Amino acid sequence: MEDIIRLLPDAVANQIAAGEVVQRPASVVKELLENAIDAGASAIQLIVKDAGKTLIQVVDNGRGMSFNDARLCFERHATSKLRNAGDLFRISTKGFRGEALASIAAIAHVELKTKPAADEMGTLVLIEGAEIKEHAPVTAPNGTSIAVKNLFFNVPARRNFLKSDKVELTHVEEELYRVALIHHDITFQYYNNGSLILMLPATNMRQRIVNIFGQHLNDKLFPVELNHELMRISGFIAKPENARKQKSEQFMFVNRRFVRHSLLNYAVEKAYAELIPQGSHPP
């Protein structure tokens, strides 16, 4: 019988992985912001053009990468966050699949500039559709800048699947809010089509909520604090009169990672049940 099983070329395998990791521009934003946080950044810029279809750029002042790591980070299953299987049960970073950058590079033009503070020169890596075009020393500031251009340029069917710029930008901003809310000790700047949209200085949790959602919430927030031998719960809830028809202002985090969990949401809704109209949701 003739053999029929074949190993996929790397380019094809990466595009398949990209379909799992990168569903829309917001997926790229999530991965890049989380990488910047894992790099120890205290200041992060997010720059988007055309709702991320033309450009998504994240600039941070984190640790940066060495010459070799700057190239290796685009390989599949390459990660600095795991050493062995046991680390899976002690994960303290934002991610560890080792597929994100490889998947992004497979379906976009990527420009990476990075430099550790201890090095005199930085590194430039240019990639188009998973193909390395340049890997060279370059003058660069400390930290990392990664620009993802022309998303889905080589898979037009996926690009056509994207919604309007308004819808895609809403998803991008939602990812930014999820990261910025829980990491209130980091400064964030958000630019859209060349304009500064949001400036979030490092602050406390309450002020970060107000800076994102508006000053009108400042006197309507109640702190929640519970310390138990198994867990600690903290955060803010809003007065019943601030209930909304949508759940767009409900954010829950476990170990500083955004989660959606029906049981957690149900517990909150149940607590407010007698206080808000049916069909409304508490922030």
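The structure displayed is predicted, hence computed values, not measured ones. Heavy atoms only: backbone and side chains are in, while hydrogens, waters and symmetry mates are out.
Pairing each heavy atom of Asp185 with each of Arg256, the nearest pair is OD1-NH2, 3.5 Å. Pro25 approaches Leu162 most closely through the heavy-atom pair CD-CD2, 3.8 Å. Counting all heavy atoms, side chain and backbone alike, Leu55 lies closest to Ala147 at CD1-CB, 3.9 Å. Taking each heavy atom of Ala105 and Ile127 in turn, the nearest pair found is CB-CG2, 3.8 Å. Taking all atoms of both residues into account, the shortest heavy-atom contact from Val22 to Ser27 is CA-CB, 3.8 Å. Residues Val59 and Ser145 come closest through the heavy atom pair CG2-OG, 3.7 Å.
Interatomic distance, Ile212 CD1 to Leu217 CG, rounded to the nearest 0.5 Å: 11.0 Å. A distance of 9.0 Å separates NZ in Lys149 from NZ in Lys49, rounded to the nearest 0.5 Å. Put simply, CZ on Arg24 and NZ on Lys30 are 14.5 Å apart, with the number rounded to the nearest 0.5 Å.
With sequence neighbours excluded, no residue satisfies side chain to side chain contact (heavy atoms under 4.5 Å, CB included) with Asn160. For Arg178, the side chain to side chain contact (heavy atoms under 4.5 Å, CB included) test picks out Glu174, Glu175, Phe251, Phe258, Arg260, with sequence neighbours left out. Shown here are the side chain to side chain contact (heavy atoms under 4.5 Å, CB included) partners of His261, two or more places apart in sequence or in another chain: Leu263, Leu264.
Aromatic pair Tyr177/Phe213: ring centres closer than 6.0 Å.
Surrounding NZ of Lys220 are more than 12 heavy atoms belonging to other residues, nucleotides or ligands, all under 6.0 Å away. The neighbour count for Phe161 CZ, taken as heavy atoms of other residues, nucleotides or ligands under 6.0 Å away, does not exceed 12.
Follow the hydrophobic side-chain contacts under 4.5 Å out from Leu169 and you reach Leu46 in the same cluster. The hydrophobic cluster containing Ile186 also contains Val210, counting ILVMFWY residues as joined when their side-chain heavy atoms lie under 4.5 angstrom apart, directly or transitively. Both Leu200 and Val179 sit in one connected hydrophobic cluster of ILVMFWY residues. Membership requires side-chain heavy atoms under 4.5 Å apart, directly or through other members. Cluster membership for Met205 and Phe253, using ILVMFWY side-chain heavy atoms within less than 4.5 angstrom, is shared.
Between Leu151 and Val28, some side-chain heavy-atom pair lies under the 4.5 Å cut-off. When side chains are defined from C-beta on, Ile104 does not count as touching Phe74, because their heavy atoms never get closer than 4.5 Å. Under the 4.5 Å side-chain criterion, counting only non-hydrogen atoms from C-beta, Val172 is not in contact with Leu176. Between Pro141 and Asn61, every side-chain heavy-atom pair lies at or beyond the 4.5 Å cut-off. Within the 4.5 Å cutoff, the side chain of Met252 has heavy atoms near those of the Val268 side chain. Between Ile237 and Leu221, every side-chain heavy-atom pair lies at or beyond the 4.5 Å cut-off. The closest side-chain heavy-atom distance from Ile146 to Leu101 is below 4.5 Å. With contacts defined as side-chain heavy-atom distances shorter than 4.5 Å, the pair Ile44/Ile37 qualifies.
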Can you list, pair by pair, the side-chain donor-acceptor contacts under 3.5 Å of residues 129-140, counting residues two or more places apart and other chains?
residue : atom : partner : partner atom : Å
Glu131  : OE2  : Lys133  : NZ           : 3.4
His135  : NE2  : Phe67   : O            : 2.9

Side-chain donor-acceptor pairs of residues 241-249 under 3.5 Å, sequence neighbours excluded:
residue : atom : partner : partner atom : Å
Arg244  : NH1  : Glu249  : OE2          : 3.4

Sequence neighbours excluded and cut-off under 3.5 Å, please list the side-chain donor-acceptor pairs for residues 275-283, or say none.
residue : atom : partner : partner atom : Å
His281  : ND1  : Glu269  : OE1          : 3.4
His281  : ND1  : Glu269  : OE2          : 2.9

Side-chain donor/acceptor pairs under 3.5 Å, residues 108-115, sequence neighbours excluded:
residue : atom : partner : partner atom : Å
His109  : ND1  : Asn150  : ND2          : 3.1
Thr114  : OG1  : Met65   : N            : 2.8
Thr114  : OG1  : Gly143  : O            : 3.3
Thr114  : OG1  : Thr144  : OG1          : 2.8
Lys115  : NZ   : Asp119  : O            : 2.8
Lys115  : NZ   : Asn142  : OD1          : 2.5

List, one per line, each side-chain donor-acceptor pair under 3.5 Å for residues 223-235, sequence neighbours excluded.
residue : atom : partner : partner atom : Å
Glu225  : OE2  : Arg232  : NH1          : 3.0
His228  : ND1  : Leu230  : N            : 3.0

Let me have the donor-acceptor pairs involving side chains of residues 187-198, under 3.5 Å, with sequence neighbours excluded, atom names and distances please.
residue : atom : partner : partner atom : Å
Thr187  : OG1  : Ala202  : N            : 3.3
Tyr190  : OH   : Glu173  : OE2          : 2.9
Asn193  : OD1  : Asp50   : N            : 2.9

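Phe153 belongs to no hydrophobic cluster, as no Ile, Leu, Val, Met, Phe, Trp or Tyr side chain comes under 4.5 Å of its own. The hydrophobic side chain of Val167 is isolated, with no ILVMFWY side chain under 4.5 Å apart from it.
Taking the charged nitrogens against the carboxylate oxygens, Lys53 and Glu168 have no contact shorter than 4.0 Å, which rules out a salt bridge.
Within the structure, the side-chain hydrogen bond (donor to acceptor under 3.5 Å, both in side chains) test picks out the following pairs touching residues 197-210 (sequence neighbours left out): Arg206-Asn218, Gln207-Asn211.
Checking side-chain atoms of Asp60 against main-chain N and O of Gly40 turns up no donor-acceptor pair under 3.5 Å.
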